[in-house]
Each structure stands twice: as structure tokens, then as C-alpha cells.
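Naming convention: chains lettered A, B, ... in sequence-line order (proteins, then strands); numbering from 1 in each chain. From a predicted model like this one, the values you see are computed outputs, not experimental measurements.
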Amino acid sequence: MDLYAYRYNRKVTNEEIEKILRDIGEYLAMQEVPFKPRAYEKVADSVSELGEELTETYERGGSKALREIPGVGASIAEHIEELLKTGRLKYYEQLKKATPVDLSTLTNVESLGPKKIKILYEKLHVRNLVDLERVANAGKIAKLPGFGGKSEEKILKGIEFLKRSSGRFLIVHAMSEIRAIERYLRSVKEVEQLEVAGSVRRRKETVGDADILVISNHPKVIMDHFTAMPGVVNVAAHGETRSAVKMKSGLNVDIRVVPRESYGAALNYFTGSKEHNVEMRKIAIRKGLKLNEYGLFALKEIRGRKDEVKVAGENEEGIYETLGLHYIEPELREMTGEIEASVAGKLPHLIGYGDLLGDLQTQTTWTDGSSSITEMARAAMDAGLEYIAITDHTKRLAMTGGLDVPRLILQGKEIDAINLKFKTKNFRILKGTECDILKDGSLDLPDEALKTLDVVGVSVHSLFNLPEPEQTARIVKAISNPHVDILFHPTGRRIGKRGPYPVDIDAVIRAAKETGTVLEVNASDRLDLKDEHIRKCVHVGVKLAINSDAHAIHEFTDLEFGIAQARRGWAEKKDIINAWPVEKMLGFLKR
DNA sequence: GCCGTTTTCGGCCCGACTGTTTTCAGTCG
């Protein structure tokens, strides 16, 4: 059991509880216990979709409130209670003792599940990723019964993928922790101004650490508060104006206190990207100026003596202006043409964080979502949206209980009824689908059913390893269907878990252009399309939809990260169809 | 271990694919 929380006098988080429940499920699956694994897995999913910390749930309503969480019964409620009260769970510790392996890491290796992990542990004493890589490289896995050369190759590939993505955090996951740190620091009265710089401010899809800049006249107080924050497990540096800590989650956080007069220069410097900064300095030099993290300086000769005079630095806008540039939004500072565009006055007017009016991909309890249509609609309204499309899965995705035509029709009737209730609220629920693309590019629902819907999304959920030409042809065929409006998560990647399937994205974008199909910017942990693809779409005029892919009411907050991704792809409001009013959006879709 | 217009027991989202086999176990979505 993970005792960090208690060692550092901190409450057990949902994330920790989720991991333990998931691990228990895997342990039970290892022992081939029937049904229980699914029960634990289900609860782990529920916990991950909760909008409230379990500590709060428990304080609010005790074990009875825990029991109200879907999938939590008497026994799991007791487990959670034990975890909340003592920070440990004896049942879990026993399982762990019997098979001491780093389950959550090993199951992250593609093609490895509990059964194979068990064999690897029993035959080759594999406990963690390092062990696994060693035996795979030694060719020992191929010789195991049930394994072979290809399994070994797959495992090595999986390890490689995990290693590449380690040490960085998905911004979608890290942001809530970063925001909590921000809130904590802002509550310190000596903090005059504060901003998180670095890749977080540029909204990169993954971030390695968080760089926080603070203006304050009392740096020492700030440093002391910072290093004593809840959740800090290691203080790497504790200086006068700079400190660095590691959080329990593994996130590194740096803080710097800077004087007001150089705040803008420091913010610019610490926001990066490095390449962008280098170019800005070159521009400064060409103008006879010098730019560093303290400011923008002119070299002036005063009475025969050369001296540096600060000409800008208190804010970023002043620095860009003095350099003869239009202000460049942080999301664009990647040295991919933003400087030239800025000089030429041709920077895009980026879509704003409050610009979305709708969400065109949501799932409900009809399939694998955990909230009802009504609940999702209410949550969308609270999130400031005017419409959502309900796009539950289709029958091929059996594990989700995907809809067939009769159930789709039933769902449509329910949507009609709910829409009547919401009529006065200027909110509309659209009928939609996330229809599976089958192997040959045909669809999991017949055209007669598709044409009754407001929004038809299609996506690939199977056969990720088709050769590129086949996969591309499959997708192109699917979006050539005259009823298909949007291609959901076009490359199939899950950041940190799985790369994109082999696909010629340029060919897909061309086909989207020809067929008038919209491509999705999926805002969940897929962030798919990615920034450079978005930019290609914007360039050729393929329209985009930024969708949450929400499976629960609080997941509409993910839309922010989809917007960030679209901004990194230079997208404007005119490029994003769900930033348009519902009638205009519907009018644009294929008829 | 959970759940109940099939309610206190007896069911439990399941079909497709892969790589290993030579009829199937394990993984994935």
C-alpha cells in the first residue's frame, strides 16, 4: 500500500483509491476468480469519473454515501472506508504480498494482461518494467509456453513506448494539480501576481514540470509557503528567490519570485519555447537591443559612457511591441512561423477559451457513459453550452452495450421528450452516434438509421494494426458515406498509452476536404487530432469540431484542453463548427 | 462483489483479433 498520503499527512486521493481498486481487480483476474475482477474494475471507473473527492463524500455522508456510488456495495464500501481512515488496506496488502509485481505499470505495456504478467512473474520473476525489459532482451520470453517471438517483440515495443512517454504528464491530468497549487499560492497574501509559465502556459499536450512566476516583496515568505505545501514529497531547492519541489504525483514544480519591473521579461523567458526565445533575442540584437529574463535593454551612450537602459520588461506586450512584433499568444510560441506571421500582421485570431457553444461527442448510460441524457444536458448547460449531441457507441463495440437500430430509435424518442422539457431554456440535445467503422470501411449502422440523426460521428475501435494503405482506405471509405458528418479521434492515439494507428493523415484530410467531412479535435486524453494536423486542416479549409468525449457530467471541463490544442493548431472560431450557433452548425453538416 | 419492473439468488456488456496453437487462451475495446 502506498503510504505517502499518511506519511505526509495528506488525505488519500481518488486517484490513489482508483489505482488500488484497479490493482485488486487485476490480482483477482490473475487468480482466475470469476466476476469479481469486473466488479472492482467497474468501481475503479466510477471513482475516476467522480466529481467529488471520496474524503469529502465520506465526511458528507459516511459509508452510506459511498454505497451510493455506482458499483459500490457493502464490501467495497468497507475497503474504501479503511483506506480513508487508515491510509491502507489489509486485503490489498495481502494480495500484493502474494504476487509482488508493479501491476499498474506492467498492465500499461500493450499486450500484457494479468494472466501473462502472472506467468512472467512465476517463470521469470518479472516484478517491474526493468525486469521485463531484461528478460525480453535476453530472448527468454519467446521460450515461455504460450508466448513466442512475436509476443516478445510486441512487449519490447510496448516498453519502448512507455519509456518515451515517461517523466511527462498529460496536461489534461496535470492541470487540476497545477491549478490547486496556484490556488494555494494565491491565497498567500504576500503574492502580488502569479502565473504558471513554461510548457503549461503554452498548453503543450504533455508537460514535464510547472514553472511558477510570482511578484512579491517578501520572497522568503513565498519560498517557505511553497516548500511546505501539501503534497510535496521532496524539496530539491529552497533558496532566496527560487525553490523547486517534487510532488507526490511525480510532478516537479519550480517557483521564482521576480521584481515587478522584470515580470514580463521573466514570463516571456520562462514560457519559451527556447527556440522562440532565441529568435526574439536575435530580433533584439538586430535592433541594437538586448533581451534577457530581466528585460529588454538599449545600449545608450551617456556622456561618453555606455550604459544599459531598460526599454521594456514589465509586461510581455511591451516587449513584443518594442521589438516591432504583434503580441504572440503562448500557444503559438513554437517557432513554426509565428514570428514571420507576427511581423507581417498575419497572426490568426485564435478561438477563445469561452467560444464553444456545443459539444458533438458525448456518451451516456445508454452505453459506456455513467450519466443519463438529462444529467449530461444539465451539466452541459452549466458549462455554458447551448447544445450537445448524444453519440453513444454502436453494436460492434459489444463491451459498451453499443446501440443497434431499435435501441437507437428508442433513444431518439427519449431525446425528443427531454428536448420538450428544455425548450424554454434555449438548450438543445441533438441525436447522434459514434458509429463504428468496420474492417472494410462500411459502417455499423445502416444508412436508413444514420439519415435520421442530426450528427453522425464515425470512428475506428478495432484493427489498429492494419497496414497504412488499408487503414487509410478504410477511413476514407467511411467518411465518403454521404451521411457521415464527423470523423472522431482520427488517428486513434491515447497519449502515453498507445501511438496512432498507421494512417496517411494527409490523405484523410484531403478526403475530408473533398467530402465535406469535419475532423474532430478530441479533448480527452487522446488530444487527437494533434496540433500540426489541426494546422493542416485550417490551412486547406477542413472544418473541425472540438469535443469532450464526455462519459460523465464533470468531463465537459476537458473541452478547455481541446480548445488549447486547436489554438496550438492556429484555429480560429470560423474553423470550429461547434463554436457556431446550432442552426448554422447543422446547416453546415452534410444533408 | 454487485445488483434487482427477472429482487435476496443467480446472473453478470461480449465479439473480434492475435499469436500461439492445431482448437484456444489472453487481450482489447
Lys140(A), NZ: over 12 other non-hydrogen atoms inside 6.0 angstrom
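Open: at most 12 neighbouring heavy atoms sit under 6.0 Å from NZ of Lys140(A).
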Count the heavy atoms of every other residue, nucleotide or ligand shown that sit under 6.0 Å from CD of Glu133(A), and state whether that count exceeds 12.
yes
Would one find a side-chain N or O of Asn465(A) under 4.0 angstrom from OP1 or OP2 of dC17(B)?
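For dC17(B), OP1/OP2 do not have a side-chain N/O of Asn465(A) under 4.0 Å.
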May I ask you to verify if any side-chain N or O of Ser75(A) is less than 4.0 angstrom from the OP1 or OP2 atom of dG1(B)?
yes
Nucleotide of dC13(B), dC17(B), dT18(B) approaching Lys154(A) most closely (side-chain heavy atoms):
dT18(B)
Arg396(A), nearest nucleotide to its side chain (from dA16(B), dC17(B), dG1(B))
dA16(B)
Could you tell me how far apart [X] ([atom1]) and [N] ([atom2]) are, to the nearest whole angstrom?
X: Asp45(A); N: dG29(B); atom1: CG; atom2: C1'; value: 12 Å
X: Leu66(A); N: dG1(B); atom1: CG; atom2: P; value: 16 Å
X: His551(A); N: dG29(B); atom1: NE2; atom2: P; value: 13 Å
X: Asp436(A); N: dC17(B); atom1: CG; atom2: C1'; value: 14 Å
X: Leu463(A); N: dG15(B); atom1: CG; atom2: C1'; value: 12 Å
X: Leu466(A); N: dG29(B); atom1: CG; atom2: P; value: 15 Å
X: Arg38(A); N: dC14(B); atom1: CZ; atom2: C1'; value: 8 Å
X: Ile155(A); N: dT18(B); atom1: CD1; atom2: P; value: 17 Å

Under 4.0 Å between any heavy atoms, over every strand shown, what does Asp368(A) touch: base, sugar-phosphate, or nothing? Just pick one.
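The answer is nothing, as Asp368(A) stays clear of every strand by at least 4.0 Å.
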Side-chain H-bond candidate by donor/acceptor type, [X] with [Y], under 3.5 Å:
X: Gln361(A); Y: His489(A); answer: no
X: Asp368(A); Y: Thr400(A); answer: no
X: Asn547(A); Y: Glu520(A); answer: yes
X: Glu555(A); Y: Ser548(A); answer: no
X: Arg568(A); Y: Gln565(A); answer: no

Please report the distance separating the [atom1] of [N] from the corresponding atom of [M], rounded so that it comes out in whole Å.
N: dT5(B); M: dG1(B); atom1: C1'; result: 23 Å
N: dC14(B); M: dC9(B); atom1: P; result: 24 Å
N: dG11(B); M: dT6(B); atom1: P; result: 15 Å
N: dC17(B); M: dC12(B); atom1: P; result: 24 Å
N: dT23(B); M: dA16(B); atom1: P; result: 23 Å
N: dC13(B); M: dC3(B); atom1: P; result: 12 Å
N: dG10(B); M: dG15(B); atom1: P; result: 24 Å

Protein N or O to nucleotides 3-7 of chain B N or O, pairs below 3.5 Å:
| residue | atom | partner | partner atom | Å |
| --- | --- | --- | --- | --- |
| dC3(B) | OP1 | Gly71(A) | N | 2.9 |

On the 0 to 90° scale, with breaks at 30° and 60°, tag the Phe464(A)-Tyr501(A) ring pair as parallel, tilted or perpendicular.
parallel
Determine the interplanar angle of the Phe422(A) and Phe427(A) rings, folded into 0 to 90°, and report it as parallel if under 30°, tilted if 30 to 60°, perpendicular if over 60°.
perpendicular
Which pairs, with at least one residue in residues 435-447 of chain A and sequence neighbours excluded, count as a salt bridge (charged side-chain N to carboxylate O under 4.0 Å, His left out)?
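For residues 435-447 of chain A, and leaving out neighbouring residues, the salt bridge (charged side-chain N to carboxylate O under 4.0 Å, His left out) pairs sorted by first residue read Lys395(A)-Asp444(A), Arg396(A)-Asp436(A).
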Centroid distance below 5.5 Å plus an interplanar angle below 30 degrees: do Phe35(A) and dC2(B) meet both conditions?
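Per 5.5 Å and 30° rule: no stacking.
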Provide the Watson-Crick or G-U wobble partner of dA25(B), both distances under 3.5 Å; none if there is no partner.
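Matched dA25(B) with dT18(B) under the 3.5 Å cut-off.
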Is there a side-chain contact between Lys431(A) and Leu408(A), using heavy atoms and a 4.5 Å cut-off?
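Heavy-atom side-chain distance check fails, nothing below 4.5 Å.
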Using a cut-off of 4.0 Å between protein heavy atoms and nucleotide atoms, how would you tag nucleotides 20-28 of chain B 5' to 3' with B, S and -?
S-----SSS
